[in-house]
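Along the sequence shown, residues are numbered consecutively beginning with 1.
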Amino acid sequence: MSEIKVLKGSLKEQDGFFAQEAVIEKLPSPDHMGEITALYREILENAERQQLSTLVFPAIPRTDPNSLMFQAISMIYKTIREFTDRPYPKEVCIVCEEDDVYNLYMVVWNLYYATTKSGRMNDGRWD
């Protein structure tokens, strides 16, 4: 089962295969948000075919309004979770260089995907 991690730091510091195609300069409008889902699905399918252990995605860019980021992050998690029962990739890491982006990834995970308190993403700011 794949593990999903959100890390704060630099992409240069991460081990694993870097999904260069997932570098997004600007989020699409809500009507075109499905483009992100298609992009992530294609990258995950390629990682599965190549039997990659660790796949590293860059975080989405900081965008106003936050609601657009919230929507994109939710769609990204949903797409990644479709691959959690597959053998590859074993680990999917999302690397956030900005603290507010990192925080939003954690908030979306905790609101929609964490089923237990121990399953929540927490860097010590909460609880």
Side-chain angles (χ1 to χ4, degrees):
M1 176 178 266
S2 296
E3 182 179 1
I4 302 170
K5 293 181 180 179
V6 176
L7 309 169
K8 187 163 184 299
S10 169
L11 290 166
K12 297 173 189 172
E13 301 168 351
Q14 305 307 314
D15 292 328
F17 181 81
F18 174 58
Q20 178 70 38
E21 315 90 74
V23 174
I24 299 170
E25 298 295 323
K26 182 180 177 190
L27 288 178
S29 68
D31 294 340
H32 297 279
M33 200 62 74
E35 295 169 9
I36 292 176
T37 301
L39 174 66
Y40 273 71
R41 186 171 288 114
E42 180 180 344
I43 292 168
L44 287 157
E45 287 170 350
N46 287 336
E48 183 180 26
R49 274 193 294 279
Q50 295 173 33
Q51 297 183 349
L52 299 175
S53 290
T54 302
L55 182 59
V56 179
F57 284 104
I60 60 171
R62 176 76 181 94
T63 305
D64 286 320
N66 275 352
S67 60
L68 189 59
M69 290 178 66
F70 200 92
Q71 180 182 1
I73 291 168
S74 183
M75 292 177 79
I76 288 167
Y77 278 142
K78 183 178 179 190
T79 304
I80 293 171
R81 285 178 50 102
E82 291 173 9
F83 285 77
T84 56
D85 290 335
R86 299 183 189 190
Y88 293 96
K90 295 184 183 299
E91 180 180 61
V92 176
C93 299
I94 301 169
V95 180
C96 304
E97 294 186 3
E98 297 178 50
D99 192 55
D100 56 341
V101 174
Y102 174 66
N103 190 57
L104 197 53
Y105 270 92
M106 287 192 297
V107 167
V108 172
W109 179 265
N110 293 343
L111 283 173
Y112 292 111
Y113 300 104
T115 56
T116 63
K117 184 175 180 177
S118 63
R120 292 190 307 198
M121 291 184 185
N122 187 358
D123 63 355
R125 289 186 253 190
W126 304 307
D127 293 339

I need the minimum non-hydrogen distance between [X] and [Y], along with the two atoms involved.
X: Phe83; Y: Arg41; result: CZ-O, 3.9 Å
X: Ala19; Y: Ile43; result: CB-CG2, 3.7 Å
X: Val95; Y: Gly9; result: CG1-O, 3.5 Å
X: Arg62; Y: Glu98; result: CB-OE1, 3.6 Å
X: Leu44; Y: Thr79; result: CD1-O, 4.0 Å
X: Pro58; Y: Tyr40; result: O-OH, 3.7 Å

Open item on the list: Between Trp109 and Ile4, is the side-chain contact (heavy atoms from CB on, under 4.5 Å) condition met? List the steps.
Closed with: CA-CA 10 Å; Trp109 179 265; Ile4 302 170; 4.0 Å; yes
Taking distance alone, no hydrogens or angles, what donor-acceptor pairs closer than 3.5 Å link side-chain atoms of residues 68-77 to residues at least two apart or in another chain?
residue, atom, partner, partner atom, Å
Tyr77, OH, Tyr105, O, 2.9

Does the side chain of [Y] come within less than 4.5 Å of [X]'s, by heavy atoms?
X: Phe18; Y: Val23; result: yes
X: Pro28; Y: Ile36; result: yes
X: Arg49; Y: Tyr88; result: no
X: Thr54; Y: Pro89; result: no
X: Phe57; Y: Val92; result: yes
X: Asp100; Y: Asn66; result: no
X: Pro61; Y: Glu25; result: no

Please say yes or no: joined through hydrophobic side-chain contacts below 4.5 Å, possibly via intermediate residues, are [X] and [Y] part of one cluster?
X: Ile60; Y: Val107; answer: yes
X: Ile24; Y: Leu55; answer: yes
X: Met33; Y: Tyr113; answer: yes
X: Val56; Y: Val6; answer: no
X: Ile94; Y: Leu104; answer: yes

TODO: May I ask you to say whether Glu3 pairs ionically with Lys90, meaning some side-chain N is under 4.0 Å from a carboxylate O?
DONE: no
TODO: Could you tell me whether a side-chain N or O of Asn110 sits under 3.5 Å from a main-chain N or O of Met106, the two making a donor and an acceptor?
DONE: yes
Atom [atom1] of [X] and atom [atom2] of [Y]: how far apart are they, to the nearest 0.5 Å?
X: Thr37; Y: Glu82; atom1: OG1; atom2: CD; result: 8.0 Å
X: Arg120; Y: Leu111; atom1: CZ; atom2: CG; result: 10.0 Å
X: Gln50; Y: Glu45; atom1: CD; atom2: CD; result: 12.0 Å
X: Lys5; Y: Cys93; atom1: NZ; atom2: SG; result: 5.5 Å

Open item on the list: Between Glu91 and Ser53, is the side-chain contact (heavy atoms from CB on, under 4.5 Å) condition met? List the steps.
Closed with: CA-CA 6 Å; Glu91 180 180 61; Ser53 290; over 6 Å; no
- [ ] Step through the shown structure and confirm whether more than 12 heavy atoms of other residues, nucleotides or ligands are within 6.0 Å of CG on Asp15.
- [x] no
